[in-house]
Amino acid sequence: MSAPASAPTAKPAAPYLPMTRPTIDDETISGVAEVLRSGWLTSGPKVKELEAKLSDYCGGRPVRVFNSGTCTMEIALRLAGVGSGHEVITTPLSWVATSNVILEVGARPVFVDIDPVTRNIDLARVEAAITPATRAIIPVDLAGLPVDRDRLYAIAKKHNLRVVEDAAQSFGSAWNGKKIGAFGDFVSFSFHPNKNITTIEGGALVLNNEAEVKLAEQYRLQGVVRTGFDGMEVEVVGGKFNLTDVAARVGLGQLPRIDEFNAKRRELARAYFAAFEAPAARALSLQLPPRDFNSTNWHMFQVVLPEDRLALTRAEVMAQLHTAGIGTGVHYPAIHRFAVYRRLGWKDGDLPIAERVCRSILTLPLFPAMTLGDIARVVDALTGILQRHLKS
Ligand SMILES: *Cc1c(COP(=O)(O)O)cnc(C)c1O
């Protein structure tokens, strides 16, 4: 007797494994529905509550929330008085927002090459890039791995520079046991859905004092200051950067889970290291991230492909992984090679370490809902693809 036509003839394919995916619980979804029914949708009590909770998280420092991480950095630069004629030192290996905000306030980005191990700005090269026009440094904690804060602030203090920490990826990371955000100068977080906690779109800025808070609130909403029932004044040109209560409610459901999410990410990262230890994988000389289990929040797990040994491009590796049902990403192309930055005079060869790493870096799936089986599947697929395409 033949099998019914509907009988499976092959093992069903595993579901597509995306590079990342947020974890939103039912309690948060109900909470959002309550906000939607409440009649107050835009910035209101939920925004205030999220700001208070974030401030607690950041050791009591003032925190304000905004509708993106990008605008928090632009506003921090304005608060620091950075503008036309000034230079800001940053890394070429970041999301382009990091340097676009420097251009947005009218200043000039000065890129300093990266450390090939941490993939963060190489602090040993920063002092050589400082000129009389330098006003600030924007370090980026790539993949959540913190830039050395002791060394960073020693340089900033010595040269009287402000710091805007681009901590978009490092919410929940720590430096010497102190949470990122709980110390330092300006600290900027992003709550984009790819980040370790989300408000859908959104961000937060940790500030130093009430004067900065007052000005940040003005830049957040058209520069408006209200007094009494009918008073209104506008002294600075602000933008439209306020977060909605709907978004803030998502963040209030996420924040209490940050340690749990990051513990899961850490466990998965350990599994990646263990799987890449297998002899077949070791023979490929992939460059793994630093084996850090104290300071990073494991926002991403990125490998650098051995470009000299491969007979296929990174795009082909990504395409084959995609065919195998695995999503990957590139974080990031080197910023100074984009047309906007070339027009400012940056060119190939200016930042050779970043250029090499950016050509071959690949972000593998990592998010709290993944399983150890998913990790094995990714490492098997990647190892197999690379082995089949090694140059002889
Ligand atoms: C996500 C991110 C940003 C921008 O955050 P948005 O919330 O998308 O504006 C800036 N810098 C880095 C390093 C990021 O990863």
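One-based numbering, in listed order, for ligands and for the atoms of each. These figures come from a predicted structure and were not determined experimentally.
The shortest separation from a heavy atom of H331 to ligand 1 is not under 4.0 Å, leaving the residue out of contact. Taking a 4.0 Å cut-off on heavy atoms, S94 registers as neighbouring ligand 1. Residue contact check for ligand 1: G202 places a non-hydrogen atom closer than 4.0 Å to it.
Considering all non-hydrogen atoms of both residues, A369 and K264 come closest at C-NZ, 4.4 Å. Here the closest heavy-atom approach between residue H336 and residue P92 is recorded as ND1-CB, 3.7 Å. Taking each heavy atom of T28 and R249 in turn, the nearest pair found is CG2-O, 4.1 Å.
Contacts between F189 and ligand 1, counted as non-hydrogen atom pairs separated by less than 4.0 Å, are absent for every part of the residue. Contacts with ligand 1 closer than 4.0 Å are made by side-chain heavy atoms of D166 only, the backbone lying farther away.
For S190, a nitrogen or oxygen atom sits less than 3.5 Å from a nitrogen or oxygen atom of ligand 1, counting backbone and side chain alike. Residue-to-ligand polar distances place G69 within reach of ligand 1: an N/O pair is separated by less than 3.5 Å.
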Note to self: Between N242 and N67, is the side chain to side chain donor-acceptor pair (under 3.5 Å) condition met? List the steps.
What the structure shows: CA-CA 5 Å; N242 58 304; N67 60 18; 5.1 Å; no
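Close contacts of ligand 1 with T98, meaning ligand atoms under 4.0 Å from a residue heavy atom, involve 11 (N). The A168 neighbourhood of ligand 1 comprises atoms 2 (C), 3 (C), 10 (C), 11 (N), 12 (C), 14 (C), 15 (O), with distances under 4.0 Å to a heavy atom of that residue. Counting atoms of ligand 1 from 1 in the listed order, those under 4.0 Å from a heavy atom of V140 are 13 (C).
Applying the side-chain contact (heavy atoms from CB on, under 4.5 Å) test between T134 and each of H159, R108, E87 identifies E87 as the sole match.
For atom 9 (O) of ligand 1, the closest non-hydrogen atom of the protein is T70 OG1, 2.5 Å. Considering only non-hydrogen protein atoms, atom 3 (C) of ligand 1 sits nearest to W95 CD1, 3.6 Å. Nearest protein heavy-atom contact of atom 15 (O) of ligand 1 is Q169 NE2, 2.8 Å.
Every pair passing salt bridge (charged side-chain N to carboxylate O under 4.0 Å, His left out) that includes a residue from residues 162-173 is listed here, sequence neighbours excluded: R149-E165, R162-D185, R162-E212. Each ring pair (Phe, Tyr, Trp, His ring centres under 6.0 Å) pair with one or both residues in residues 133-157, not counting sequence neighbours, would appear here, but there are none.
Nearest residue to atom 1 (C) of ligand 1 from H192, E201, K195 is K195 (criterion: closest heavy atom).
Cation-pi geometry between K195 and F171 is not satisfied (NZ or CZ under 6.0 Å from the ring centre, within 45° of the ring normal).
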